[in-house]
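Following: one structure in structure tokens, then a few remarks.
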Amino acid sequence: MKLFTRQPALNAHSWLGVFLGVFLYLLCLSGTLVVFNQEFERWEQPNIEEFERVSPEAIDTAMARFLAKHPEETEHYHVVLPGSGIPRLVVENDHNAWFADAQGNLLEQERFPWSKMLVKLHYYLHLPMTWGLIFVSAMGAVICALVVSGIFAHKRLVKDAFKLRRGGTVQPGRIDLHNRFGIWAAPFHLIIGITGTYFGIAGVILTLVAQIDYNGDRQAVMDKVFTPEPQLEQTVSTPQIGTALANFEQMNTGHVPLFITVHDVGTPAQFIELYGQMPGKMAYSENYRFDSSGAFLATAGYADGYWGKQLIYSMYRLHFGDFAGLPVKILYFVLGIMLTALCVTGVDIWLAKQANPPRLRRCWAAVVWGSISAIALSALASLWSDVSMYYSFWWLMVAGVAASIVTPYLQPARWQLISGFSSLLLVVAHLMAFTGSALNGAALAINMLLVAYALWTFWRFYQHQKVPEFAAPAAARAGSPAAPRHCAAVVSQNASQAQD
Amino acid sequence: MAYTLSFILGMLAIAVTYYSWQRSTPSLGWAALAVFITSVISFSIAAGWEYGVVYGLLLPGVLVWVAIAREQTIRPLKLTQAPVRTISTSGYKMAGHLAHALVVLVGQLLLSTVISVALSRFLPIEQTGQLAVCIIIQPLLWAMLAYHYLGSPAKRKAVMYHSVAAALFGITLVL
């Protein structure tokens with residue numbers, strides 16, 4: 001059997017896609033949502049004042065007030081600037097973060113437990129950090145393997161390039177949808193796979209190279225890739241962050257200041273680092289370094305440094321689509337939905353080939369739609385209580401899957417409906433919690449998206465119910481195939497066509 | 001203006017590809033490829049090559065759905081009920097799946113890392129460049145090893161080949 005022929009490719013493709021399907025799905029779903037992480041953070045606290053620019057004096061005022069409130073020991077101070085993608089000012093140390101207004105008055109403590117949970121689901125799958133990061137990175141390589149095996153498994157790559165058969169036994173439509181998503185968005189999938197692998201595996205590569213070349217000194221390799229910190233010996237003093245920002249503005253670099261970090265706080269080596277986004281460049285930022293008094297020292301050299309350094313520093317923006325504002329975020333979101341749908345249709349195809357084992361099918365539906373519901377209900381819980389987001393998400397997930405095992409009532413269509421109701425409930429709760437603020441800026445956009453999703457699920461359920469074969473609960477209990485989720489609308493359309 | 005032109009070129013590339021596919025004319029396929037490359041260049045001029053290449057590569061994945069929607073066919077629903085197949089959950093089978101998972105997720109992680117670090121060090125460039133190349137080729141190599149292992153009926157032989165290759169490349173790291 002030749003390796004690059006259909007059957008071996010199909011064997012590899014189906015094992016990777018089915019055995020790791022749940023993890024891939026959760027990562028793709030959370031990754032698609034995390035594209036809008038900044039908007040979600042704004043949605044969680046929609047009542048915070050927003051502005052586009054802040055003066056160096058206001059930053060100094062905010063930091064002074066923050067230090068008076070939080071004098072505890074810390075290694076860093078951070079100032080997140082309105083240019084960071086969230087048009088707000090945040091001052092923080094390693095333990096606490098506060099929003100401030102344009103004059104530097106502290107407003108309220110930063111609190112976005114749900115967004116954090118979502119980000120950590122994507123970064124670590126909520127596993128212990130190092131192992132979680134490596135496991136999630138492995139899924140990046142799995143995505144690359146799925147792209148390669150998917151291409152070789154395709155019998156008629158060119159002949160079927162634009163084909164989409166809907167209706168019939170439903171399975172051809174599912175296969176066509178899977179193949180079209182897979183082939184046409186393959187560059188995106190490869191970008192996500194390669195950049196995704198980087199986050200966890202870079203550490204492994206670094207360790208190996210450190211062992212070979214630097215007797216295990218990882219910092220030595222880090223200093224090769226990322227510019228080493230300046231070695232300073234100064235009198236310990238309060239860092240002049242505002243002066244540093246004012247000096248940066250005078251330099252007219254054309255770079256957009258994202259945030260400022262004070263390193264080695266309270267030590268003679270203390271220095272200020274300002275991260276400036278470079279329009280047109282994929283590298284995360286150019287870093288401007290200043291001493292404690294705010295005097296400029298040097299840049300880290302990411303703007304015009306060695307190409308290898310720039311490439312490594314570009315991985316984050318390339319992975320999350322965080323480089324050219326909302327249009328690119330929307331593009332990544334749409335392509336992310338395709339990648340997520342690719343995971344779902346892949347497992348659906350496999351389940352259909354097993355003649356849809358009822359319990360397994362319900363469990364898969366509980367994972368697919370139940371996770372959306374769990375994400376929405378966790379967000380709802382975060383609005384009204386301090387309950388752990390990790391527990392609430394996983395408790396809901398486990399409860400959903402367990403319920404699907406024991407009751408035949410929880411068919412895929414009903415799970416879809418539950419996810420829609422959960423989203424709608426979340427919007428109502430958000431409106432009740434924040435009233436007018438829930439209709440401002442990013443919060444309004446997120447709430448509208450949630451309502452649109454809920455309406456879509458209701459419409460799908462309505463279409464589904466119109467088909468008698470699929471609506472009959474008795475048939476479902478007997479284990480007959482219920483409406484495949486992605487083709488429910490077409491199925492009903494076809495049923496009415498057949499009646500005509 | 002430059003963005004609009006690039007976007008139009010991207011759409012044109014899809015349109016020509018679709019037209020070529022519909023009429024089965026490979027020569028038009030080459031024309032489509034030329035238009036596609038032009039659109040990538042145009043995006044690069046408009047937004048800088050780093051953004052331009054990404055736009056040029058990703059946009060067809062969305063734009064193509066106009067053509068796919070045109071091409072879709074809808075047949076009357078024909079429900080069939082095949083007998084449900086039992087999915088084997090025997091201990092032996094499960095152990096086999098777990099072994100595959102260990103090989104792909106742990107073993108091949110290590111092997112692909114050793115091979116890609118060794119391969120990148122052959123390149124006559126700065127160490128930072130070698131590391132950057134290593135970061136790009138490692139997931140692809142890992143993917144290919146996983147594909148070879150899972151696609152091959154002789155799995156032990158596949159693991160052996162990978163281990164020997166990693167050992168040979170590994171020697172170059174310590175020499």
Side-chain angles (χ1 to χ4, degrees), chain A residues 1 3 8-9 11-12 15-16 19 138 140-141 144-145 148-149 161-169 180 184-185 187-188 193-194 197-198 201-202 204-205 208-209 212 224-225 280-282 306-309 311-312 323-324 331 334-335 354-355 357 469 479-481 490-491 494-495 497-498, chain B residues 18 21 47-48 50-51 54 57-62 64 67-69 71-85 87 97 100-101 104-105 109 112-114 117 125-136 138-140 142-144 146-148 150-153 173-174:
Chain A
M1 186 164 55
L3 190 64
N11 292 344
W15 189 89
L16 289 167
F19 192 78
C144 294
V148 175
S149 57
F162 293 90
K163 209 175 196 178
L164 183 58
R165 296 161 293 173
R166 304 180 77 177
T169 60
R180 296 302 82 76
W184 284 104
F188 175 75
I194 292 170
T197 309
Y198 158 77
I201 301 307
V204 180
I205 293 172
L208 182 61
V209 174
I212 298 163
K224 273 266 178 192
V225 180
K281 300 279 275 181
M282 201 61 86
Y306 188 64
W307 64 267
K309 191 189 229 183
L311 195 144
I312 294 171
F323 56 87
L331 178 65
V334 171
L335 290 165
Q354 318 305 313
E469 294 93 325
S480 70
V490 183
V491 159
N494 292 332
Q497 276 175 1
Chain B
Y18 176 54
W21 176 83
E50 294 181 29
Y51 292 4
V54 177
L57 286 176
L58 301 193
L59 267 178
V62 177
V64 74
I68 292 172
E71 203 55 39
Q72 72 168 330
T73 54
I74 300 175
R75 285 183 178 178
L77 184 70
K78 199 170 82 187
L79 285 174
T80 53
Q81 177 56 54
V84 174
R85 281 165 60 179
I87 297 166
H97 286 311
H100 292 337
V104 171
L105 300 179
L109 152 68
S112 61
T113 305
V114 170
V117 168
I125 50 176
E126 273 187 33
Q127 193 176 25
T128 315
Q130 292 173 346
L131 284 169
V133 170
C134 179
I135 280 164
I136 303 296
Q138 195 272 345
L140 296 173
W142 190 352
M144 292 312 294
Y147 175 51
H148 182 214
L150 294 167
S152 166
L173 292 176
V174 289

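The model shown is predicted, which means the values in this text are computed figures rather than measured ones.
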* Structure fact -> Residues at least two apart in sequence or cross-chain that pass salt bridge (Lys or Arg N to Asp or Glu O under 4.0 Å) with A:K163, listed by chain then number, are A:D160
* Residue A:L335 versus chain B: region with a heavy atom under 4.5 Å -> side chain
* Asked: Roughly how far, to the nearest 0.5 Å, is the OG1 atom of B:T73 from the CZ atom of A:R166?
  -> 10.0 Å
* **Residue part contacting chain A, namely of B:A69, when any heavy atom lies under 4.5 Å** => neither
* Structure fact -> Counting heavy-atom pairs under 4.5 Å with chain A, the top scorer among B:V104, B:L59, B:I135, B:V133 is B:I135
* Asked: Considering only heavy atoms, which portion of A:V225 lies under 4.5 Å from any heavy atom of chain B: side chain, backbone, both, or neither?
  -> both
* Asked: Is B:W142 reaching over with its side chain to a backbone N or O of A:T197, donor-acceptor style, under 3.5 angstrom?
  -> no
* Asked: Side chain, backbone, both or neither: which part of A:F323 has a non-hydrogen atom closer than 4.5 Å to chain B?
  -> both
* Do you know which of B:T113, B:V64, B:L140 has the most heavy-atom pairs under 4.5 Å to chain A? -> B:V64
* Taking atom NZ of A:K309 as the centre, report whether more than 12 heavy atoms of other residues, nucleotides or ligands fall under 6.0 Å from it. => yes
* Structure fact -> Among A:G280, A:G308, A:A185, A:S149, the residue with the most heavy-atom pairs under 4.5 Å to chain B is A:G280
* Asked: Which bit of A:F19 is near chain B, if near means a heavy-atom gap under 4.5 Å: side chain, backbone, both or neither?
  -> side chain
* Structure fact -> chain B shares the most heavy-atom pairs under 4.5 Å, among A:F188, A:W184, A:Y198, A:Y306, with A:Y306
* Is the B:Y18 ring parallel, tilted or perpendicular to the B:W21 ring (thresholds 30°, 60°)? -> parallel
* Looking at A:I201, A:L311, A:V204, which makes the most heavy-atom pairs under 4.5 Å with chain B? -> A:I201
* Heavy-atom pair with the smallest gap, counting every atom of A:L16 and A:A145 -> CD1-CB, 3.6 Å
* To do: Could you tell me which portion of A:L331 (side chain, backbone, both or neither) has an atom closer than 4.5 angstrom to a non-hydrogen atom of chain B?
  => side chain
* **Polar side-chain atom of B:E71 near backbone of A:F162 as donor-acceptor pair, under 3.5 Å** => no
* **Region of B:L57 in contact with chain A, defined by heavy-atom distances below 4.5 Å** => both
* Would you mind checking which part of B:V62 comes under 4.5 Å of any heavy atom in chain A, side chain (CB onward), backbone (N, CA, C, O), both or neither? => both
* Structure fact -> Output for pair (B:Q138 CD, B:L109 CG), nearest 0.5 Å, gives 6.5 Å
* To do: Sort out for me which of B:A67, B:G61, B:G129 touches chain A most, counting heavy-atom pairs under 4.5 Å.
  => B:G129
* To do: Supply the atom-to-atom distance B:M144 CE to B:S112 OG, rounded to the nearest 0.5 angstrom.
  => 12.5 Å
* **Under 4.5 Å from a heavy atom of chain A, the part of B:E126 involved** => both
* Please lay out, stage by stage, how B:Y147 and A:W15 fare under the test ring pair (Phe, Tyr, Trp, His ring centres under 6.0 Å). => CA-CA 10 Å; B:Y147 175 51; A:W15 189 89; over 10 Å; no
